Each structure stands twice: as C-alpha cells, then as structure tokens.
Amino acid sequence: MRPDIQLPCPFLMRWSEAFIPTLREAPADAEAVSHSLLVRGGFIRQLVAGSYTMLPLGQRVRLKVERIIREEMDAIGGQELILPTLHPAEVWKKSGRYDLMGDNLFKLKDRKGTDMVLGMTEEEIFAMLALELFSYRQLPQIWYQMHTKFRDEPRPKSGLLRVREFTMKDSYTLDIDLPGLDTGFEKHRGAYRRIFARMGLRAVDVEASSGAMGGSESVEFVQRSDAGEDWIVSCDNCGYRANLEKAVSAVPAIDDGPSGELERYPTPGLRTIKALAEAHPEIAAPERQIKTLVYYVDGEAVLATVRGDHELHPQKLADATGAGTVRPGRPEEIRDLLGADPGSLGAVGVEGLRIIADPSLRGRVNMTTGANTDDWHFKGVSVERDIAVTEWADLRSVEGGDPCVRCGQPLEMWKGIEVGHIFKLGTQYSEAFGVYVQDEAGVSHPIIMGSYGIGVERGMAAVVEANHDEAGISWPVSVAPYEVVITVVRADDAETMAAASMLYDDLGAAGLEVLIDDRDERPGVKFADAELIGVPYRVTVGPKGVAAGVVEMTTRRGLVTEEVTLSEVRTRLVSLITGQRGGV
RNA sequence: CGGGCUGUGGCGCAGUUUGGUAGCGCGCGUGCUUUGGGAGCACGAGGUCGUCGGUUCAAGUCCGACCAGCCCGACCA
C-alpha cells in the first residue's frame, strides 16, 4: 500500500448522510449473484442494458481496484497516460479492424459527417503514439491507461460481468525484438497474478485463443465461477490449463486393422453418426467414422473433418484459417456444394475446396464416411490415400475426462470469468501504422507490440462472485468500500451514541475507513445492511456493552463475533486491517 | 441475429382469461408507541398501466405495429 496515493473520497462517513440505497428484495432481472448483490447493496444501478451507474459504494470499490492495478503496473515500469476514446473511423479502417469488429464497434458521425468510432480497445491509437519513437535506445516501453471502453455487445448480461461501457486497464509493450516482447509479457503475467490475488480473486492463467485481437500467443486470467462464460480445461496433476477454444488433449490411438479397399455402399435412411454406427457396428463405430462439416470462413466454403465421436470447436477452425468470421453452411448451400444433404457428406474425392482435417484422423484406415449422395456411404476409407487434405489443424473440442496432453491424467472442465487477457501481438499494428525504429546498425524494424487488458468492473463483479454468502457480499479488506462499520444499536441513546462517536473519531484518526451506522433504524435492519454491503469488520456498540466498557467485533467473513473492550478495539482493528490492506 | 419470457407508484408483484371508478406487500412522509436480527398502530403522498395507432359508449384488459428489458444459443475485459 502506497500511503501517498489516497482515495479521493472521505475516510469517514455517517450512514445517515450517505447515499446507500439498499434493497430488501433482489431485483427481478438479476440472475448472477454479483448482479443481484451489487444492486441490492446499493453499489450500482442500471441505466440501459450494459450500462451502469457506479453509486458511491461502487465507486469506492472501483477506485480501490484501480489503485491496486496502478500500483502493480507502476511496479513493472508501466507509465500511465490517457488517450482519447473518440476515434476517427479512418484509424480503424487502416488496421482492418473497422470491418473485423463488425457491429461490436460503436459507430457515429460528427457534425461534419466524419465517421467516428468509440474505442473498444486501443492498439491503433497506441501504435500511432509510438510513431514518436525512432530508436531502439528508447525501448522498451510499457504504456498503460485506465479508460472507458465501448462495445456494442450483442448480449449484455449478468450485471457488470458483460456490459457495453466499462473501464479497462489496457497496457501495451513496445519492443525492438522478440525476447523483449517475451520479457514484457512475463512481467505482465506476474503483475496480473499479483493484481488478482490482491483483489481477493483466485484467478489462474490459462492458454487462450487470440481471436480478433490477432497475434501469436495469448493467456487469459480466469476466476472459477458458474457465472462465467468461458469453459476452461485443466489438469490437477501437471498444471496444464487452457481455454476450451485452445485446449488439446491426448487422443488414444485406434486400431483400424490393415488398410482395405474403398467401397461405396447403400445406407438408406442413415443420416447420423449414431444411426450408422448402430446399423453397421462392425465397420462404423463412431470412432471409425469421419465427420465432415461444411463451414464458411470469411465467406469461403471449407470442409472440416473430425472423428465421428468428436466435436468440432468453431473457434479452433477460425484460428486455423485466420478467419474473422466462421459459420456453419446452410442446408441449401451444402447441397449446392456437395450434392447431398448433411448426414451423407464426406470429403472423399472432393476437389477444389480447402479440406481441413483434425490430426486424430492422420494415418487412419478402414474408416466410414458419407459419399456425397444421399443414402450412400464409403467404407474402407484410408484418410491420407482417399482424401485430399489441404491442411491438418487441431479442430477437436476437448471433453471433460479426456487424458491430459502432458501427463495423461484426466482433465477437468469448469466455467470461469475472464478477468484479464494478455496478448503477444507482434508487428501487425506497427506495420499498419508505419511504426519503425532503428537498431544499433541503423536498420529499421517494426516495433513489436504486446497488449494487455483488465476489465475493472468485471473484476469487481468477479470479486463478489468469489466472496459472498447468504447474507450478502464479503469484501476483502483490499477493495472494501469501507473497512469498518460501527453499528450503533441505539442511536437515540445519548451514552451509546457518545461512545460510538468517540470510537468513530478514534478509528478515523488511526487511518481506518469507517462508516458509522447512526441511522434511526432497528438493529436488525442495520445488521442486515452491514452484512449485505460486506464491510469486513463490524463493531457493534450498544447500551449494555457501553455500560460495561465493551463492544462487539464481528468479522464479516464467517460472521464470527467476539467481545472486545472499548480501549482495545482500535489496536485490534488497526493491526487486523493494516495487515490486509495490500491484499494477499 | 434466432428462440423463450416480461413491461402496472422507488422495489417485488396481483389485476388482463370474461372490457366498466387501478390494487397488495415492502419502501417513503407525519404522529404516537417500540428498540440487540429487516417493529406496531393511525393518517398520508406517490401510477400518462412501455410507446403509438386501432376497435368500443367505455381499454391496464381486445387487435396491430413499434420500443425496452431479462433469459437460452453465435462474441469479449
């Protein structure tokens, strides 16, 4: 914790004067726990789908998350700046992402009719800024900002987890060579681990697909949660972890026997892998079939083939082909292309189309596949003899329980929230914008970029997903809106109130962030609200205790209460809280 | 974009089937009582029933169009 960077909001607050609109009932439209609790606790309010107001409590949490991010970014040598979020569309057209991002990009026109966009990430703008660099001696650089990003998401959902307007910490590394990029990437991996741990998350890094961001390698940070939207595959034994989009597993070999003759045979009415397998179990068990799928990648028809008992992962096909958009072919398109309906498709003898095959088909013989004539299949197919495979690429979607590629132990599959993502971009943006620097020998090189993002509000929501119970949120001290809430059991009792006020001043003087619940409410209301908003420590001051010189101290996590003398509370709280402020 | 659901005081909902003076709980205001786990009584404020159009003597209710929100599938921090 850096004492010189303080929250730009007061350390002390009287609940009676604060704007903390808690709700007794959960909003009907909130599905995710974090959504419900953040609304109920008076942290956020929705304006329209995917656009939220940060109420005072929410803003305090957000500022604390930002402070943690800022400290760790500064610690790896990051320099904070702030770039515009209103961009000329021209810039996005220059990088090619104006079309690639499609409808996700917010587009508008200014009064002169110039096409503008709202930034959804800022590789282009940082690359343009990097035009100011000329020499390897100015590198490396780590630049970052925390700024609003706009994405016209097709489906905003789950409160802060998926929105259209949000704060992103985005950073960019600028290097002269690949080892430099690796160094910057690993620095970010370390910083991200510390950031998420300090926020109270147990986010882990997993191998990921780079998608529309491009680049050679990317790692996602994922917090395990059923509210998440990403499927993660992991191995407890060796630590292998990957997003399902990227995950691979070992595939046990199949004994096909000796190679046989290719032969067409009638299969009336058999249109599914399962039906064919049941009708011809001796030759067409699912793992002995070839599944042929027609996909359009950036508008071009391709055949994608996987084993009959395997599922294709569309993102893998996109990654393998470098395509921006991938969609399954429509039945009429497929018939025009291959002359048969889905259920009788195959790649045997097909020419003039890209045929992309999953490696699990390599070397396989005696297989069965559709003959591109309805109600006919081929048997005795030798993949490499009978199919003109143009590319081999991992297309198969891993399933839970598959053996790990590294160690063979069964893989686990779980859902998680993507709280951060780091990318090795390479030179695509520097080349698009002409960002070159000279090396020692005076030779010009495009700057090698990396790009690194954290969704601030999504991070807040993930913290709630990971830190709550039936009563409400349980913030880690590091990001809690307040550190202590003093619950005055009888605000109308002069002595109780006097003791509570004294404690309030005292704790404030000790540098703690204190909220005093001085409202004229019944104790039950105050306890419930304190638990709902998740302040880590509660000090209950009541008439009986004050008379005896004691108060109760309740730890939010686990709701454990102990009696402490009035003279001891301050010391206890200071040592408990200062020890946790920096996060884990 | 495809599929499902929902729009009625700040929040949660009933009323719509069968058209006829807009209701309930919570919350809010005032007063009295109460006060260690979401109090009681009394009085009170607050609603163009998502929008527009149509049918009708009469529309929250019937018809049409549109808009918005939520959930499930294809994208991302």
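A, B, ... follow the sequence lines: proteins, then strands. Residue 1 opens every chain. Just so it is clear, the model here is predicted, and its values are computed rather than measured.
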Check for a donor-acceptor pair, side chain of Gln223(A) on one end and backbone N or O of Arg202(A) on the other, with a separation under 3.5 Å. yes
Checking salt bridge (charged side-chain N to carboxylate O under 4.0 Å, His left out) for the pair Arg335(A)/Glu332(A): CA distance, chi angles, key distance, verdict? CA-CA 5 Å; Arg335(A) 177 154 270 282; Glu332(A) 60 278 13; over 6 Å; no
Angle between ring planes, Phe196(A) versus Tyr192(A), binned at 30° and 60°: parallel, tilted or perpendicular? perpendicular
Does Gln223(A) reach a base, just sugar-phosphate, or nothing at all? Heavy atoms under 4.0 Å. nothing
Can a cation-pi geometry be assigned to Arg60(A) and Tyr482(A), taking NZ or CZ under 6.0 Å from the six-membered ring centre and within 45° of the ring axis? yes
Looking at rA77(B) and Phe166(A): do their rings stack (centroid distance under 5.5 Å, interplanar angle under 30°)? yes
Determine the interatomic distance between C1' on rG19(B) and the same-named atom on rU55(B); round to the nearest Å. 11 Å
Answer with base, sugar-phosphate or nothing: what part of the nucleic acid does Gly542(A) contact at a heavy-atom distance below 4.0 Å? base
Contact class for Pro27(A) (heavy atom, under 4.0 Å): base, sugar-phosphate, or nothing? sugar-phosphate
Answer yes or no: side-chain N or O of Glu25(A) and base N or O of rG25(B) forming a donor-acceptor pair under 3.5 Å. yes
What contact category does Ser158(A) fall into here, base, sugar-phosphate, or nothing, at under 4.0 angstrom with non-hydrogen atoms? sugar-phosphate
Atom pair CE/CD1 of Met199(A) and Ile69(A) - distance to nearest 0.5 Å: 6.0 Å
Tell me what Val326(A) touches on the nucleic acid: a base, only sugar-phosphate, or nothing, going by heavy atoms under 4.0 Å. nothing
Rounding to the closest angstrom, what is the interatomic distance between rC28(B) and rU51(B) at atom P? 28 Å
Are OP1 or OP2 of rA74(B) and a side-chain N or O of Gln315(A) less than 4.0 angstrom apart? no
If the cut-off is 4.0 Å, is Lys157(A) near the phosphate of rG69(B), judged by side-chain N/O to OP1 or OP2? no
Whole-Å C1' distance, rG29(B) and rA65(B): 42 Å
Among the nucleotides rC76(B), rC71(B), rG36(B), whichever has the atom closest to the side chain of Phe527(A) is rG36(B)
Students often get this wrong, so: under 4.0 angstrom with heavy atoms, is Glu457(A) touching a base, only sugar-phosphate, or nothing? nothing
Classify the nucleic acid contact of Ala528(A) as base, sugar-phosphate or nothing, counting any heavy atom under 4.0 Å across all strands shown. base
Taking atom P in both rC66(B) and rA42(B), what distance in whole Å separates the two? 50 Å
Rounded to whole angstroms, how far apart are CG on Leu23(A) and C1' on rC28(B)? 13 Å
Nearest to the side chain of Ala28(A) - rC13(B), rC75(B), rA74(B)? rC13(B)
Tell me whether the OP1 or OP2 atom of rC76(B) has a side-chain N or O from Arg151(A) closer than 4.0 Å. no
Using a cut-off of less than 4.0 Å, is there contact between a side-chain N or O of Arg24(A) and OP1 or OP2 of rG27(B)? yes
Nearest-Å distance, CD (Glu220(A)) to C1' (rC76(B))? 9 Å
Per Arg458(A) side chain, nearest of listed nucleotides rG69(B), rC76(B), rG37(B): rC76(B)
In whole angstroms, the gap separating C1' of rG2(B) from CZ of Arg327(A) amounts to 14 Å
Under 4.0 angstrom, heavy atoms only, what part of the nucleic acid is Thr487(A) near: base, sugar-phosphate, or nothing? nothing
Does rC11(B) have a Watson-Crick or wobble partner in any strand here, with both distances under 3.5 angstrom, and which is it? rG25(B)
Pairing nucleotide - rC66(B), Watson-Crick or G-U, each distance under 3.5 Å: rG50(B)
Where the side chain of Lys169(A) meets the backbone of Gly455(A), is there a donor-acceptor pair that is under 3.5 Å apart? no
Toward the 5' end of RNA chain B, which comes first, Asp520(A) or Thr167(A), by nearest nucleotide? Asp520(A)
To the closest 0.5 Å, what do you measure between CD1 (Ile422(A)) and OG (Ser218(A))? 8.5 Å
Phe185(A) backbone acceptor or donor facing Asp182(A) side chain under 3.5 Å: no
Take atom P in rG64(B) and the same atom in rG25(B), then report the distance between them in whole Å. 36 Å
Rounded distance (Å) that lies between atom P of rG37(B) and atom CZ of Arg490(A): 12 Å
Selected nucleotide, minimal atom distance to Arg522(A) side chain, candidates rC75(B), rC28(B), rU34(B): rU34(B)
If you assign Gly159(A) and Arg538(A) each to the RNA chain B nucleotide with the nearest heavy atom, which residue ends up on the more 5' nucleotide? Arg538(A)
Go through rC28(B), rC76(B), rA74(B) for me and flag the one nearest to the Arg162(A) side chain. rC76(B)
Rounded to whole angstroms, how far apart are CG on Asp29(A) and P on rG69(B)? 11 Å
C1' atom, rU48(B) versus rC43(B): distance in rounded Å? 28 Å
Distance check needed: rC76(B) P versus Asp103(A) CG, whole Å only. 14 Å
Hey, does Asp529(A) reach any base, or is it just sugar-phosphate, or nothing, if we go heavy atoms under 4.0 Å? base
In whole Å, what is the span from the CZ atom of Arg155(A) to the C1' atom of rG69(B)? 12 Å
On the side chain of Asn104(A), is there an atom forming a donor-acceptor pair with the base of rC76(B) - under 3.5 Å, no angle test? no
Tell me whether the NZ or CZ atom of Lys149(A) lies within the 45° cone about the ring axis of Phe166(A) and under 6.0 Å from its centre. no
Looking at every strand, decide which applies to Arg45(A) at a 4.0 Å heavy-atom threshold: base, sugar-phosphate, or nothing. nothing
Within the structure shown, what part of the strands sits under 4.0 Å from Ala26(A) by heavy-atom distance: base, sugar-phosphate, or nothing? sugar-phosphate
NA contact type, Gln46(A), heavy-atom cut-off 4.0 Å: base, sugar-phosphate, or nothing? sugar-phosphate
Select base, sugar-phosphate, or nothing to describe what Val419(A) touches, counting heavy atoms under 4.0 Å on all strands. sugar-phosphate
Between rG44(B) and rC11(B) - P atom distance, rounded Å: 25 Å
Round to the nearest Å and state the distance from Asp492(A) atom CG to rG36(B) atom C1'. 13 Å
Span that lies between the P atom of rG38(B) and that of rC5(B), in whole angstrom: 40 Å
